[in-house]
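Numbering of ligands and ligand atoms starts at 1, following listing order.
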Amino acid sequence: MRTPIIAGNWKLNKTISEAVTLTTALKALIADDTDVGVIVAPPFTALSAVSDAIAGSNIHLAAQDVYWEDSGAFTGEISAPMLKDAGCDYVIIGHSERRQYFGETNDSVNQKVKAALAYNLKPIICVGEQLEEREVGQTEAVIESHITGGVAGLSAADLSSCVIAYEPVWAIGTGKTATPAQAQEVHNFIRGLLTKAYSAEVASQICIQYGGSVKPENAAELMAQPDVDGALVGGASLEAESFAKIVLSFNHQLDSVINVKARVDG
Ligand code: PEP
């Protein structure tokens, strides 16, 4: 069974002290007994302090972007060894806001994914269609280009260190969530693409998160979909209570899946 991963993308929010306060509150709320993976992605400036704050807990640290060179004359950029040094285990790559506002392309995503993997950072590769693309029936073509471009040249072992986040752009920060059925359809399509490119076994092990206005009220029904393995959460991750409720609703869902399975098996 795939372990669901819930990641909070804090975007351009939180000073260092605010980030530590949020992390400390979150730690207290989710304790250490959760069966889901939990990740927080603060801005670069707060990575090191949040790394200290999560020490000894089940929360992992992610950065929101990475550059593909290790060092050199690249003003403003941050490299994979620097993120590793700051305590990161994961890095978000190809978020739609980076594609939309900062010129991220499938090629740059692919270079960043390879740089992250070279330093044992697990990439969370974001893919997703815009509203106009969905409306003209291009969802699958866009997702296919994001996936094949993003993972180009990766071995099966490399891919198994990656997480995919399906985030329909029209659902990010808009309050509009994809219906569970819409999310499942695209997640299943992504798993099919990975099956074709690798194998059914490899594809079945990849965690595919859903992102786009996930809230405590809709997390459980999204999680109930067979190919939805967690969530990438923006707005609702900025407050400890709402993020903890999402984490715990995935956790409880998992408990009931395990209980049902135990009853069926036993
Ligand atoms: C995101 O930025 O990845 C995201 C899903 O944001 P929100 O939850 O606010 O829609």
Side-chain angles (χ1 to χ4, degrees), residues 4-14 18-19 22 26 36-44 46-47 50 59-66 88 90-104 109 112-113 116 122-131 133-134 139 142-143 146-147 150 162-180 182-184 186-187 190 207-223 225 227-250:
I5 300 177
I6 320 299
N9 174 14
W10 297 357
K11 310 192 183 187
L12 181 57
N13 294 291
K14 306 292 176 191
E18 288 167 348
L22 173 54
L26 188 61
V36 304
V38 181
I39 301 173
V40 292
F44 289 132
L47 286 175
V50 172
I59 303 174
H60 294 269
L61 188 65
Q64 298 175 18
D65 191 22
V66 64
C88 293
Y90 291 85
V91 57
I92 298 170
I93 298 176
H95 191 279
S96 64
E97 286 150 16
R98 303 242 30 115
R99 293 182 192 258
Q100 216 172 332
Y101 307 132
F102 302 102
E104 193 82 90
V109 168
K112 291 177 177 189
V113 166
K122 296 185 172 115
I124 300 175
I125 306 170
C126 301
V127 304
E129 81 286 1
Q130 309 208 13
L131 184 58
E133 293 166 333
R134 175 165 280 265
T139 300
V142 171
I143 300 297
H146 287 178
I147 291 284
C162 297
V163 171
I164 307 288
Y166 167 57
E167 300 204 296
V169 180
W170 47 271
I172 295 181
T174 58
K176 269 191 206 165
T177 318
T179 63
Q182 282 173 322
Q184 169 57 24
V186 178
H187 283 230
I190 293 171
C207 171
I208 307 177
Q209 299 176 311
Y210 169 78
S213 299
V214 175
K215 305 180 218 46
E217 301 75 43
N218 58 24
E221 58 174 358
L222 286 160
M223 168 64 192
Q225 300 302 307
D227 287 295
V228 176
D229 309 317
L232 180 52
V233 185
S237 70
L238 294 175
E239 287 189 358
E241 273 199 13
S242 53
F243 189 60
K245 278 187 189 155
I246 293 170
V247 169
L248 294 174
S249 70
F250 272 69

_Using the side-chain contact (heavy atoms from CB on, under 4.5 Å) definition, which of the options Val214, Asn9, Ile6 pairs with Leu232?_
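Among the candidates, only Asn9 passes.
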
*Is any side-chain heavy atom of Ile124 closer than 4.5 Å to a side-chain heavy atom of Ile39?*
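Answer yes - side chains close enough.
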
_Side chains of Asp227 and Ile208 in contact at under 4.5 Å (non-hydrogen atoms)_ =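 Counting from C-beta outward, Asp227 and Ile208 never come under 4.5 Å.
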
Tell me, yes or no, whether the heavy-atom count around [X] atom [atom1], taken from other residues, nucleotides or ligands under 6.0 Å, exceeds 12.
X	atom1	answer
Lys14	NZ	yes
Glu241	CD	no
Glu18	CD	yes

_Students should find this: residues with any non-hydrogen atom under 4.0 Å from ligand 1. What is the answer?_
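Under the 4.0 Å cut-off, ligand 1 touches Asn9, Lys11, His95, Glu167, Ala171, Ile172, Gly173, Gly211, Gly212, Ser213, Leu232, Val233, Gly234, Gly235.
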
